[in-house]
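Structure first, commentary second.
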Amino acid sequence: MSRTPHPIVTLRAGRDRSVTRRHPWVFSGGIEAVEGRPGRGDTVLVEDDAGRPLGWGAYSPESQIRVRMWSFSPDDVIDAAFVDGRITRAAARRDALLASGTDSARLVFSEADGVPGVVADRYGDTIVVQLTSAGADAWREVVADALFSLPGIRCVHERSDADMREREGLDARSGTLRGDAPDPDLVAHEGPWRFVVDVTGGHKTGFYLDQRDARAAIARLAPGRTFLNVFSYTGAFSVVAAGSGAASVLSIDSSGPALDVARRNGEVNGLDLGELMEADAFTALRGLRDRARQYDLIALDPPKLANNERQVEKASRAYKDLNLLALKLLAPGGTLLTWSCSGAMTAELFQKVVAGAALDSGRTARIVGRLGQPSDHPVPLAFPEAEYLKGLILEAE
Ligand code: SAH
């Protein structure tokens with residue numbers, strides 16, 4: 001088959017190791033030469049310094065990650081059929097999960113599914129997609145068609161928010177790509193629970209699918225216990241705890257709209273979710289500590305506090321502060337579930353920070369379990385960067 005010539009990115013001598021090991025990022029500093037003037041999102045052939053082809057990637061002129069690899073096989077053709085195949089196979093890998101008592105899962109997880117910059121979350125008959133790289137943006141229509149052709153899908157809606165796209169030179173974009181506008185009363189079903197998903201106004205794609213394993217853990221841990229849900233968002237953990245027989249539930253979040261959805265979650269599940277407190281978590285926890293409150297079960301799931309390596313030190317102090325306060329509020333024999341979702345913070349460092357908090361709090365605590373990404377947020381062995389969610393289940397004396 002004859003091929004239209006593609007632009008060529010030649011790596012510096014000795015800088016091909018990561019691509020040959022199937023790591024999908026080529027940094028600008030590893031590039032010797034760019035031939036053929038590729039535009040944003042264009043497909044480029046990546047070669048080593050001796051001119052040997054290594055594979056195909058998407059060019060991103062504004063990003064430090066200058067190329068994101070589509071394929072490590074120079075024989076592949078990167079066209080609509082290729083992108084469609086990647087999306088369709090990624091979705092098929094979630095079939096077993098979607099047949100196991102939930103209608104909601106992450107269907108496509110970016111590099112982890114061989115489609116850098118494409119994230120797609122399914123909630124019932126609706127798919128919310130985020131396109132966060134130049135290459136993903138260039139294939140928008142093909143991605144939308146592939147997702148819309150999946151069985152049972154009525155709507156494909158885009159929520160490509162600003163933060164990650166800025167580094168790629170892309171503006172924020174949102175809107176319905178295929179089918180009907182998203183249902184304002186859209187509900188995700190997970191086991192016995194119903195979760196209202198605010199597709200257009202919520203965080204990210206509207207719901208934290210990645211905490212599925214945590215919800216299962218809370219169902220086991222909550223019966224008969226007092227539960228404090230810090231950084232509750234729309235109260236998913238609170239629904240599970242209240243529905244599993246918690247003695248009481250207090251949810252804290254700084255977002256009024258998120259707590260409005262939490263209220264609706266109480267209604268759709270026919271549950272009393274207890275108190276929903278709109279407050280800054282740091283201030284609220286100090287207030288509870290000063291009033292000598294105690295809880296048997298505490299969940300601490302802050303937003304990403306470190307966006308990159310430079311912010312890790314400052315974030316560590318915030319994580320320590322939060323965990324110290326939580327440990328002080330934990331009743332004897334209580335359980336603390338604590339997370340970091342900052343990819344820049346390693347699991348090892350996070351554990352050290354929590355250990356420091358325990359030491360300062362005067363509490364002895366043990367790790368009795370860990371909670372990370374569920375199976376629809378996989379981590380390729382060649383791309384450990386896909387791992388961002390690290391959780392500890394701690395039991396305090
Ligand atoms: N555990 C939740 C997800 C938490 S996301 C779930 O499973 O659905 C993090 C939440 O922290 C967001 O809802 C955000 O509004 C909230 N948040 C961010 N900064 C905060 C602060 N300083 N105090 C309280 N909440 C905050």
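Both counts, for ligands and for their atoms, begin at 1 and track the order of listing.
Considering backbone and side-chain atoms alike, Gln211 places every N or O at 3.5 Å or more from each N or O of ligand 1. Here's the thing with Ala281: one of its N/O atoms is less than 3.5 angstrom from an N/O atom of ligand 1.
Atom numbering of ligand 1 starts at 1 in the shown order; those under 4.0 Å from a heavy atom of Ala279 are 23 (N), 24 (C). Using a 4.0 Å cut-off to heavy atoms of Ser255, the atoms of ligand 1 that qualify are 15 (O). Interface atoms of ligand 1 facing Asp301, defined by a heavy-atom separation under 4.0 Å, are 1 (N), 2 (C), 3 (C), 4 (C), 9 (C). Close approach of ligand 1 to Asp280 is summarised as follows: ligand atoms under 4.0 Å from at least one heavy atom of the residue are 21 (C), 22 (N), 23 (N). Which parts of ligand 1 touch His203 is read off a 4.0 Å heavy-atom cut-off, strictly below it: atoms 12 (C), 13 (O), 14 (C), 15 (O). Ligand 1 places these atoms under 4.0 Å from at least one heavy atom of Ser232: 2 (C).
Residue contacts with ligand 1 for Tyr208 involve side-chain atoms from C-beta outward but no N, CA, C or O (heavy atoms, distance under 4.0 Å).
Glu158 has no carboxylate O lying under 4.0 Å from a charged side-chain N of Arg178, or vice versa, which leaves the two without a salt bridge. Salt bridge absent: Arg12 and Asp49 never bring a charged side-chain N and a carboxylate O closer than 4.0 Å. Under 4.0 Å is where a charged nitrogen must lie from a carboxylate oxygen, and between Arg212 and Glu190 at least one such pair does. A salt bridge is absent between Glu267 and Arg263: the closest approach of a Lys/Arg side-chain nitrogen to an acidic carboxylate oxygen does not fall below 4.0 angstrom.
The one candidate from Arg68, Gln64, Arg66 that meets the side-chain contact (heavy atoms from CB on, under 4.5 Å) condition with Trp25 is Arg68. Exactly one residue among Asp113, Asp121, Asp376 makes a salt bridge (Lys or Arg N to Asp or Glu O under 4.0 Å) with Arg106. That residue is Asp121.
Taking the six-membered ring where the residue is Trp, the centroids of Tyr233 and Tyr208 are separated by under 6.0 Å.
Counting only heavy atoms of the protein, atom 11 (O) of ligand 1 lies nearest to Phe231 CD2, 3.4 Å. Looking at atom 18 (C) of ligand 1, its nearest protein heavy atom turns out to be Pro303 CG, 3.5 Å.
For atom 7 (O) of ligand 1, the choice among Phe195, Tyr233, Phe207, Phe237 with the nearest heavy atom turns out to be Phe237. The heavy atom nearest to atom 19 (N) of ligand 1, considering only Ala299, Ser254, Gly235, Ala284, is found in Ser254. Of the listed options Leu305, Thr234, Val230, Asp253, Asp253 places a heavy atom closest to atom 10 (C) of ligand 1.
Taking the ring axis of Phe195 as reference, the NZ or CZ atom of Arg215 stays within 45° of it and closer than 6.0 Å to the ring centre.
In the hydrophobic clustering of ILVMFWY residues, with side-chain heavy atoms under 4.5 Å counting as a link, Val115 and Phe109 come out apart.
Every heavy atom of Ala258 sits 4.0 Å or more from the atoms of ligand 1.
Atom CZ of Arg21 is surrounded by 12 or fewer heavy atoms from other residues, nucleotides or ligands within 6.0 Å.
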